[in-house]
Amino acid sequence: MYNPQVGDTVSDLDTPSMIVDLDLMEANIKKLMDKLLPTGVSIRPHLKTTKSAILAQKLASAGAKGGCVAKLSEAEVIAKAGFDDLLITCEIIGPVKVKRLVALYQKHRKIRIVIDSAVGATAINDALAASGIEEPISVLVDLDVGLHRTGVAAGEPALALARHIGGLKHLKIIGVQGYEGHLQHLHDRADREQQCLASMKTLTETADALRQAGFDIQVVTTGGTGTAEFCVTVPGVNEVQPGSFIFMDTDYRNAVGRFYGNSLTILSTVVSKQGPRAVTIDTGLKSLTTDSGLAECKDARYAYGVLGDEQGSLVWEEGTPDLDVGDVVEMIPSHIDPTINLHDFYYAYRNGVVEEIWPVDSRGKVQ
Ligand code: PLP
Ligand code: MN
């Protein structure tokens with residue numbers, strides 16, 4: 001049976017395999033911590049990128065305080081794997097999910113949730129009341145700061161929701177979340193900064209308005225890889241949620257530049273020759289996503305195209321060394337989070353040798 005082990009060389013691995021350059025990944029973590037920690041703002045990395053309890057732990061060892069997950073089912077898996085200081089950043093709606101949340105909270109009292117509707121708040125409160133759990137769950141009011149994905153509107157709607165939540169015995173407001181996801185990939189740095197500061201104004205003003213209304217707002221959380229450096233300059237913001245910086249992708253590299261390196265690639269094999277300067281590799285839609293454009297070959301002289309579910313093409317200009325059947329190449333994903341969700345394991349290497357193997361714990365956990 002194929003059973004790759006620590007100590008194998010990268011060239012021993014079958015393909016497609018998801019491989020991580022440990023030197024580059026560790027440098028990314030250090031760069032982020034060195035840049036953001038001195039501001040005093042807490043870093044709660046978003047684990048929707050790595051989907052890994054081991055990586056959550058590594059980030060915590062480097063200075064992060066807890067982690068975020070997108071979905072309840074991610075929280076279930078990451079908490080079970082031993083890392084339970086988690087903020088679930090998506091709304092938890094529907095009787096099945098509410099039941100699952102109560103079961104999770106029964107075992108893991110550090111779980112925090114976000115709420116953007118009165119009906120959502122009431123459902124969770126009632127289920128907690130019925131469970132017999134005394135301790136109220138920590139809630140962040142989810143605020144729309146311009147993404148228009150989730151979040152209550154600033155001003156009176158946010159205050160009205162907070163008052164509603166405040167009247168529910170099993171919910172305790174501890175803060176506000178306002179995620180400006182629409183700005184993360186803006187290429188113009190000055191524009192990204194300016195729009196981010198406007199979103200942060202909405203967020204911090206709402207936090208202040210809630211405080212004035214008597215709420216104990218301790219956490220003001222926001223930010224991603226493209227904006228965290230701006231968010232931390234704003235007085236009143238005290239937590240940021242970057243995720244992709246650890247591995248990066250071509251989309252983020254094109255937007256925010258090369259401060260963080262592309263530390264994760266998909267190892268691929270040339271399986272067929274299709275012309276004098278064209279080959280087929282064994283990575284297609286099932287191993288590299290295309291929502292943010294096409295992946296790139298690490299050796300930029302070879303241009304990638306999708307040939308279907310299982311394969312892609314590489315073509316090159318005359319004068320570039322030919323690729324042949326059996327050659328191995330590395331592909332840089334265009335969008336890191338959904339690409340990782342296609343793979344079972346990370347093979348993390350240094351100097352060509354696999355040093356660690358990490359499961360993608362919450363792979364496929366979309367509920
Ligand atoms: N916070 C929230 C609520 C998100 O949805 C995301 C990503 O979509 C992030 C933080 C992290 O963003 P990134 O991976 O771009 O750093
Ligand atoms: Mn993403």
Side-chain angles (χ1 to χ4, degrees), residues 25 28-29 31-33 35-36 41-52 55-56 59 64-72 74-75 86-92 112-116 140-152 175-187 192 195-196 199-200 203 219-232 237-257 259-260 262-264 288-293 295 332-342 360 362 365-366:
M25 184 195 85
N28 287 347
I29 296 173
K31 282 181 193 172
L32 181 105
M33 296 298 169
K35 198 175 169 105
L36 302 188
V41 169
S42 295
I43 300 165
R44 183 178 281 277
H46 213 307
L47 307 174
K48 71 195 279 283
T49 304
T50 63
K51 293 178 161 281
S52 154
L55 286 165
L59 287 158
K65 287 215 180 80
C68 299
V69 289
K71 299 293 186 76
L72 178 65
E74 287 183 316
L86 295 171
L87 167 65
I88 305 170
T89 61
C90 293
E91 274 64 18
I92 293 164
R112 300 171 170 192
I113 58 171
V114 301
I115 291 180
D116 81 350
L140 287 89
V141 173
D142 189 16
L143 185 74
D144 180 15
V145 294
L147 172 59
H148 307 321
R149 183 174 71 183
T150 61
V152 66
V176 192
Q177 166 178 275
Y179 178 58
E180 69 297 8
H182 57 305
L183 308 178
Q184 300 304 328
H185 296 266
L186 289 183
H187 283 211
R192 199 164 70 245
Q195 290 200 53
C196 176
S199 287
M200 292 307 104
L203 178 60
V219 180
V220 179
T221 187
T222 180
T225 297
T227 58
E229 62 178 309
F230 309 129
C231 300
V232 297
V237 169
N238 62 15
E239 185 178 278
V240 287
Q241 314 179 351
S244 300
F245 72 95
I246 187 166
F247 298 133
M248 293 293 282
D249 51 35
T250 61
D251 196 29
Y252 251 134
R253 182 204 62 204
N254 294 341
V256 308
F259 180 70
Y260 303 111
N262 289 107
S263 58
L264 181 151
L288 286 165
T289 57
T290 56
D291 58 283
S292 301
I332 307 173
S334 52
H335 188 180
I336 195 70
D337 322 65
T339 295
I340 289 169
N341 194 45
L342 299 172
V360 183
S362 52
K365 300 298 178 202
V366 294

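Index from 1, following the sequence. Just follow the structure's listing: the first ligand is 1, and inside any ligand the first atom is 1.
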For this session: Please report the shortest heavy-atom distance between Ser334 and Thr290, naming the atom on each side.
Result: OG-CA, 4.5 Å
For this session: For the pair Asp249 (side chain) and Ile336 (backbone), establish whether a donor and an acceptor sit closer than 3.5 Å, ignoring hydrogens and angles.
Result: yes
For this session: Verify, without hydrogens or angle tests, whether Asp251 (side chain) and Asn254 (backbone) share a donor-acceptor contact under 3.5 angstrom.
Result: no
For this session: Please name the residue in the list Arg112, Gln177, Gln241 that meets the side-chain hydrogen bond (donor to acceptor under 3.5 Å, both in side chains) test with Thr221.
Result: Gln241
Seminar exercise, completed: Hits for side chain to side chain donor-acceptor pair (under 3.5 Å) against Thr222, two or more places apart or cross-chain, chain-then-number order -> Glu180
Exercise. Sequence neighbours excluded, which residues qualify as side chain to side chain donor-acceptor pair (under 3.5 Å) partners of Arg192?
Worked result: none
For this session: Please say whether more than 12 non-hydrogen atoms of neighbouring residues, nucleotides or ligands are located less than 6.0 Å from NZ in Lys65.
Result: no
Show the distances, to 0.1 Å, for all pairs joining an N/O atom of ligand 1 and a protein N/O atom that are shorter than 3.5 Å, listing one pair per line.
residue	atom	partner	partner atom	Å
ligand 1	1 (N)	Gln241	OE1	2.6
ligand 1	5 (O)	Arg149	NH2	3.0
ligand 1	8 (O)	Lys48	NZ	2.9
ligand 1	12 (O)	Tyr179	OH	3.4
ligand 1	14 (O)	Ser244	N	3.0
ligand 1	14 (O)	Ser244	OG	2.6
ligand 1	15 (O)	Tyr252	OH	2.5
ligand 1	16 (O)	Thr225	N	2.8
ligand 1	16 (O)	Thr225	OG1	2.6
ligand 1	16 (O)	Gly243	N	2.8
ligand 1	16 (O)	Ser244	N	3.3

For this session: Considering only NZ, NE, NH1 and NH2 on the basic side and carboxylate oxygens on the acidic side, decide whether Glu239 and Arg44 come within less than 4.0 Å.
Result: yes
Problem set entry | Electrostatic pair Glu74-Lys48, nearest N-O below 4.0 angstrom | no
Seminar exercise, completed: Counting only protein N, O or S atoms (no waters) closer than 2.8 Å to the Mn ion (ligand 2) gives 2
